[in-house]
Amino acid sequence: MQVLDTPQQEVDAALERSQAAWTQWSGFTRERRAEAMRAAAARLDAAADELVPLAIAETHLGEPRLRSELVRTTFQLRLLADTISDGAYLDVRVDHAEPDWPMGPRPEIRRLRVPVGPVVVFAASNFPFAFSVAGGDSAAALAAGCTVVLKAHPGHPRLSARTGELVAEALEQAGAPGGTFQVIFGEQAGVTALRHPLVKAAAFTGSLAGGRALYDIAAARPEPIPFYGELGSVNPVFVTPAADAARAGAIAEGLIGSFTLGAGQFCTKPGVVFAPAGSGLVEALRALELPSAAPLLNDRITQLYLRGERRLREHPSVEVLNEGDGALSDPPAPTVLLTTADAVAADRESLLNECFGPTVLIVQYDSNEQLLELAAGLDGQLTATLAAEADEELARELAAILITKAGRLLWNQWSTGVSVTYAQQHGGPYPATTAPGTTSVGTAAIDRFTRPVAFQGFPVELLPTELGDEPVVSRLVDGRPQLAAEGGR
């Protein structure tokens with residue numbers, strides 16, 4: 001089955017349907033929206049035997065990985081459904097009128113967060129379920145009360161079409177209006193949707209170049225809209241001298257497992273490792289056997305990876321430390337490259353550039369001061385990892401710098417796992433993302449698709465239920481926490 005690009009008139013019609021659906025979907029009770037999302041999760045679970053073979057055919061990924069990813073996808077749909085059932089995401093605040101307020105008489109003000117409107121989501125290639133059609137961005141937008149027009153990734157069009165059909169059918173059978181969830185295809189269709197005046201926000205996972213181009217379009221609209229782009233990251237690892245002396249071999253083994261996981265096609269893959277000159281880590285990496293070659297997602301990603309890796313290994317300051325058989329073939333085998341801190345200082349742009357695939361660059365530093373300078377010179381990152389000892393002052397100094405550089409800091413762990421949790425942060429300063437104050441994974445992802453509204457002096461009977469006198473959700477009243485009433489939702 002060939003999936004054709006969506007013509008402009010059909011994109012316009014989809015956005016009109018999305019707007020009409022939003023006027024109803026946004027007015028559903030939180031529990032009613034949650035039940036519809038749980039129905040979508042159940043439909044996808046039931047269709048696993050149909051969807052997984054489609055994904056295998058289009059992505060080169062194996063069945064165990066894809067089944068696990070589908071479980072993650074439906075789990076996050078259910079987790080976000082539970083989150084809106086709870087209602088804490090609304091950040092409800094009630095200030096009663098106070099004539100003796102120190103700044104002068106205070107009016108009654110009640111505040112909560114509301115859905116922004118129809119949104120466009122650009123699906124990712126490397127996670128055909130979890131960051132694609134029914135992935136985290138779509139789940140967060142639906143949970144917030146937004147309707148979704150999903151621009152499918154060209155790497156798995158048939159899977160995207162079928163997943164979109166199942167989600168839309170499940171939502172509608174659970175009572176959602178037609179047009180709550182739709183899928184469009186083609187680069188121009190995505191641009192057309194992003195420019196449409198009915199769209200109020202957009203989310204993207206992909207390359208720096210593609211994401212930046214879309215971000216600029218969103219910002220240049222007559223009405224600029226939020227654009228939540230996850231763009232690129234080398235996810236640096238900092239190995240201190242004490243950690244290297246204590247466990248270089250274990251760090252080397254963990255690094256190989258992490259940078260080759262999924263053939264290096266995770267946005268959180270450790271791409272650059274800073275290690276002391278003459279370290280045991282370098283020698284351990286030189287001696288260890290690397291995993292066999294594995295196919296990348298598709299031909300385009302393979303060619304981009306091979307071009308990027310060749311550019312790195314041909315740099316005059318880079319040498320090959322270790323490589324599998326057929327490192328520059330298709331499929332490509334893993335490669336470990338080696339350079340120096342002085343070389344990075346002289347050419348950061350070339351050496352600290354994301355290489356999406358099974359390659360890692362080891363950077364040898366000569367002193368603690370040089371390592372701190374390298375950390376301070378980094379661009380924004382999704383993650384930064386400390387392989388260190390707890391009693392090292394160097395670790396404390398590094399952490400203070402890396403807080404300003406990354407959205408998630410890891411202590412003696414590997415960054416490739418991104419658990420879907422309440423406290424997760426998957427985002428960081430530019431160019432890792434375009435909105436460092438937000439996350440695209442975890443329950444806080446809902447916040448991106450809401451905005452706060454304050455009601456001043458309104459009659460209680462005209463307010464949303466959550467702003468009434470009965471505490472149906474946990475909230476802040478006159479500056480003090482107030483728990484939801486028992487059974488209140």
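When reading the values below, keep in mind they use all heavy atoms of this one structure, side chains included, and skip hydrogens, waters and symmetry mates.
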Treating [X] as the side-chain partner and [Y] as the backbone partner, does any N or O pair qualify as donor plus acceptor under 3.5 Å?
X      : Y      : value
Glu58  : Arg158 : yes
Ser26  : Gly145 : no
Thr434 : Phe227 : yes
Arg448 : Ala445 : yes
Lys269 : Cys355 : yes
Thr433 : Tyr430 : no

Q. Got Arg43 and Val167 here, is their nearest side-chain heavy-atom distance under 4.5 Å?
A.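 No, every pair of side-chain atoms sits at 4.5 Å or beyond.
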(Q) So Ser132 and Thr163, do their side chains get closer than 4.5 Å, heavy atoms only? (A)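 In short, these two side chains do not touch, never coming nearer than 4.5 Å.
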Neighbour count >12 (heavy atoms, 6.0 Å) for atom [atom1], [X]:
X      : atom1 : result
Glu187 : CD    : no
Arg300 : CZ    : no
Arg78  : CZ    : yes
Tyr215 : OH    : no

Q: In sequence, state the C-alpha distance, the side-chain angles, and the governing distance for Glu466 and Arg113, and then conclude on salt bridge (charged side-chain N to carboxylate O under 4.0 Å, His left out).
A: CA-CA 10 Å; Glu466 294 87 355; Arg113 301 185 72 88; over 6 Å; no
Q) Once the angle between the rings of Phe238 and Phe274 is folded into 0 to 90°, is it parallel (under 30°), tilted (30 to 60°) or perpendicular (over 60°)? A)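 Because their plane-to-plane angle is under 30°, the rings of Phe238 and Phe274 count as parallel.
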Q. According to the interplanar angle, ranging from 0 to 90°, do the rings of His156 and His153 count as parallel (below 30°), tilted (30 to 60°) or perpendicular (above 60°)?
A.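 His156 vs His153 ring planes: parallel.
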Q) So, for Val120 and Ala193, which heavy atoms are closest and what is the spacing to 0.1 Å? A)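 Reported closest heavy-atom pair: CG2-CB, 3.8 Å.
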(Q) Rounded to the nearest 0.5 Å, what separates atom CG in Leu398 from atom CD1 in Ile403? (A)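 One finds 11.0 Å between CG of Leu398 and CD1 of Ile403.
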Q.
Does either side chain, that of Thr383 or that of Asn235, offer a donor lying less than 3.5 Å from an acceptor on the other one?
A.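 Asn235 and Thr383 do have a side-chain donor-acceptor pair below 3.5 Å.
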(Q) Regarding Ser85 and Glu31, do their side chains bring together a donor and an acceptor under 3.5 Å, going by distance alone? (A)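 Yes.
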Q: Kindly determine whether Asp86 and Arg30 satisfy salt bridge (charged side-chain N to carboxylate O under 4.0 Å, His left out), including the steps that lead there.
A: CA-CA 9 Å; Asp86 171 80; Arg30 289 175 287 109; over 6 Å; no
With a 4.0 Å cut-off on N to O distance, would you call [X] and [Y] a salt bridge?
X      : Y      : answer
Glu35  : Arg32  : no
Glu389 : Arg247 : yes
Asp216 : Arg212 : yes
Arg38  : Asp82  : yes

**Q.** Steps toward side chain to side chain contact (heavy atoms under 4.5 Å, CB included) verdict (Leu66, Phe129)
**A.** CA-CA 8 Å; Leu66 288 166; Phe129 290 120; 4.1 Å; yes
Q: Evaluate the criterion side chain to side chain contact (heavy atoms under 4.5 Å, CB included) for residue pair Phe356 and Asn126; output intermediate values, then yes/no.
A: CA-CA 10 Å; Phe356 192 71; Asn126 56 335; 3.8 Å; yes
Q. Ring pair (Phe, Tyr, Trp, His ring centres under 6.0 Å): which pairs involve residues 28-69, sequence neighbours left out?
A.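 Ring pair (Phe, Tyr, Trp, His ring centres under 6.0 Å) check on residues 28-69 returns Trp25-Phe28.
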Q.
side-chain hydrogen bond (donor to acceptor under 3.5 Å, both in side chains), that's the test. Do Ser258 and Thr416 meet it? Break it down for me.
A. CA-CA 6 Å; Ser258 186; Thr416 31; 3.0 Å; yes
(Q) For a side chain to side chain contact (heavy atoms under 4.5 Å, CB included) check, start with the C-alpha distance between Arg162 and Leu166, then their side-chain angles and the critical distance, and finish with the verdict. (A) CA-CA 6 Å; Arg162 186 57 183 142; Leu166 291 168; 3.6 Å; yes
Q) Given the rule in the salt bridge (charged side-chain N to carboxylate O under 4.0 Å, His left out) test, do Glu69 and Arg72 qualify, once you have shown the distances and angles that lead to the verdict? A) CA-CA 5 Å; Glu69 189 186 327; Arg72 175 193 175 102; over 6 Å; no
Q: Decide side-chain hydrogen bond (donor to acceptor under 3.5 Å, both in side chains) for Thr59 and Arg65; before the verdict, give the C-alpha distance in whole Å, the side-chain angles of both, and the deciding distance to 0.1 Å.
A: CA-CA 11 Å; Thr59 66; Arg65 149 73 192 272; over 6 Å; no
